[in-house]
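For this chain, numbers begin at 1 and follow the sequence in order.
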Amino acid sequence: FLVFVSVRAMSEQFLSTTMLCQEVGMSRSTLDKLRKEGALLPGREFYRLHGRRSPMMWSKNAVIQALRSRTALADRSARLA
């Protein structure tokens, strides 16, 4: 039984949804909202295990970076308004 893991996956910390919410101080509903809005993208910030209803695993670093970028963009837009 062979398991292939990308180099990226080895260098990042992937967490369950519950653990990610605890780590970044965000509710599950906010995380789901950001995912549905397209702010968090599959293959970049998260991936789903096998099957449509299987758990998602989240890249902690990628999620934090996406949230920082989103905040910076919102701040910039507010200053321009």
Quiz item: Which pairs count as salt bridge (Lys or Arg N to Asp or Glu O under 4.0 Å) when at least one residue sits in residues 24-33, sequence neighbours excluded?
Solution: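 Residue pairs with at least one partner in residues 24-33: D32-R35, K33-E37.
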Quiz item: Is V63 close to E23 at the side-chain level, that is, under 4.5 Å between some pair of heavy atoms?
Solution: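 A side-chain contact is absent here, since even the closest heavy-atom pair is not under 4.5 Å.
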Minimum heavy-atom distance [X]-[Y], with the two atoms named:
X	Y	value
L40	A66	CD2-CB, 3.8 Å
S54	L49	OG-O, 2.5 Å
G51	R48	O-CD, 3.1 Å
S59	R44	CB-O, 4.2 Å

Quiz prompt | Q65 (side chain) donor-acceptor with N61 (main chain) under 3.5 angstrom | solution =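 Side chain of Q65 to backbone of N61, a donor-acceptor pair under 3.5 Å: no, none is there.
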Quiz item: If we ignore angles and hydrogens, is there a donor and acceptor under 3.5 Å between the side chains of S27 and S29?
Solution: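 Side-chain D/A pair, S27 to S29: present.
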Self-check item: Same cluster (ILVMFWY, side-chain, under 4.5 Å), I64 and M56
Solution: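 Yes, I64 and M56 fall within the same hydrophobic cluster.
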Quiz prompt | Cluster link M19 to L34, ILVMFWY, side chain under 4.5 Å | solution =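 Per the 4.5 Å side-chain linkage, M19 and L34 are co-clustered.
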Practice problem: Kindly assign one of parallel, tilted or perpendicular to the pair W58 and F46, based on the angle between their ring planes and the thresholds 30° and 60°. | Solution: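 W58 and F46: tilted rings.
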